[in-house]
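From a predicted model like this one, the values you see are computed outputs, not experimental measurements. Hydrogens, waters and symmetry mates play no part in the numbers below; they use all other heavy atoms, side chains included. Both ligands and their constituent atoms are indexed starting at 1 by order of listing.
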Amino acid sequence: LETIEGRLDATGLRFAILASRFNDFIVDRLVGGAVDYLLRHGAEKSDITLMRVPGAYEMPLAAKRLAETKKYHGVVCLGAVIRGSTPHFDYVSAEVSKGLAQVMLETGVPIGFGVLTTDTLEQAIERAGSKAGNKGVDAAAATLELIRVLEQV
Ligand SMILES: O=c1[nH]c(NC[C@H](O)[C@H](O)[C@H](O)CO)c([N+](=O)[O-])c(=O)[nH]1
């Protein structure tokens with residue numbers, strides 16, 4: 001059985017990390033987790049570029065622009081959409097997830113989806129380096145693995 005799997009080795013790879021400022025109390029921890037993961041898996045600090053955008057809604061366009069440069073092997077997208085008292089949460093989270101998936105398919109560049117969509121701040125805190133781990137780490141790991149899988153196809 002021929003199996004194609006990705007080595008979790010970031011040596012020599014260039015990454016963009018795209019992070020939203022909205023809820024940066026949470027997002028900054030996702031960024032820290034993603035950077036720490038990539039460095040500990042062989043990436044050089046000089047090969048990691050961080051771009052900040054206002055909110056999750058702005059991420060698809062920024063991700064598309066980064067991907068189109070062809071300067072990065074992957075783009076790790078990090079954000080936190082936390083339900084408020086209006087349906088705004090639904091619109092923002094729907095557009096960012098659909099938009100980033102579309103960018104990945106259009107550009108062929110691996111994009112890690114590390115945008116939290118939670119009902120409460122507590123749930124977001126749990127996923128930003130506490131009880132439920134760090135979704136920034138998970139998004140960086142998924143981006144790396146997809147890069148390494150696709151280079152074998
Ligand atoms: O990243 C977020 N943007 C949010 N809104 C801003 C949005 O992403 C845009 O930046 C804004 O609409 C301006 O375009 C959020 N909420 O409104 O709740 C949120 O929780 N997270």
Could you walk me through whether D119 and R83 pass the salt bridge (Lys or Arg N to Asp or Glu O under 4.0 Å) test, one step at a time? CA-CA 5 Å; D119 286 321; R83 190 180 294 280; 2.7 Å; yes

Begin from the C-alpha positions of V75 and F15 and carry the test side chain to side chain contact (heavy atoms under 4.5 Å, CB included) through to its verdict. CA-CA 6 Å; V75 181; F15 294 88; over 6 Å; no

Under 3.5 Å: N or O atoms of ligand 1 paired with protein N or O:
residue  : atom   : partner : partner atom : Å
ligand 1 : 1 (O)  : A56     : N            : 2.9
ligand 1 : 8 (O)  : A56     : N            : 3.2
ligand 1 : 8 (O)  : Y57     : N            : 3.0
ligand 1 : 10 (O) : E58     : OE1          : 2.7
ligand 1 : 10 (O) : E58     : OE2          : 3.4
ligand 1 : 14 (O) : E58     : OE2          : 2.5
ligand 1 : 17 (O) : H88     : ND1          : 3.1
ligand 1 : 20 (O) : N23     : ND2          : 3.3
ligand 1 : 20 (O) : I82     : N            : 3.0
ligand 1 : 21 (N) : A80     : O            : 2.8

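The pair E145-R148 fails the salt-bridge criterion, with no side-chain N (NZ, NE, NH1 or NH2) lying under 4.0 Å from an Asp/Glu carboxylate O. With respect to R7 and E151, a salt bridge is recorded, a charged nitrogen being found less than 4.0 Å from a carboxylate O.
Between I111 and T143, the shortest heavy-atom distance links the atoms C-OG1, 4.1 Å.
Taking a 6.0 Å sphere around CD of E68, one finds it holds more than 12 heavy atoms contributed by other residues, nucleotides or ligands.
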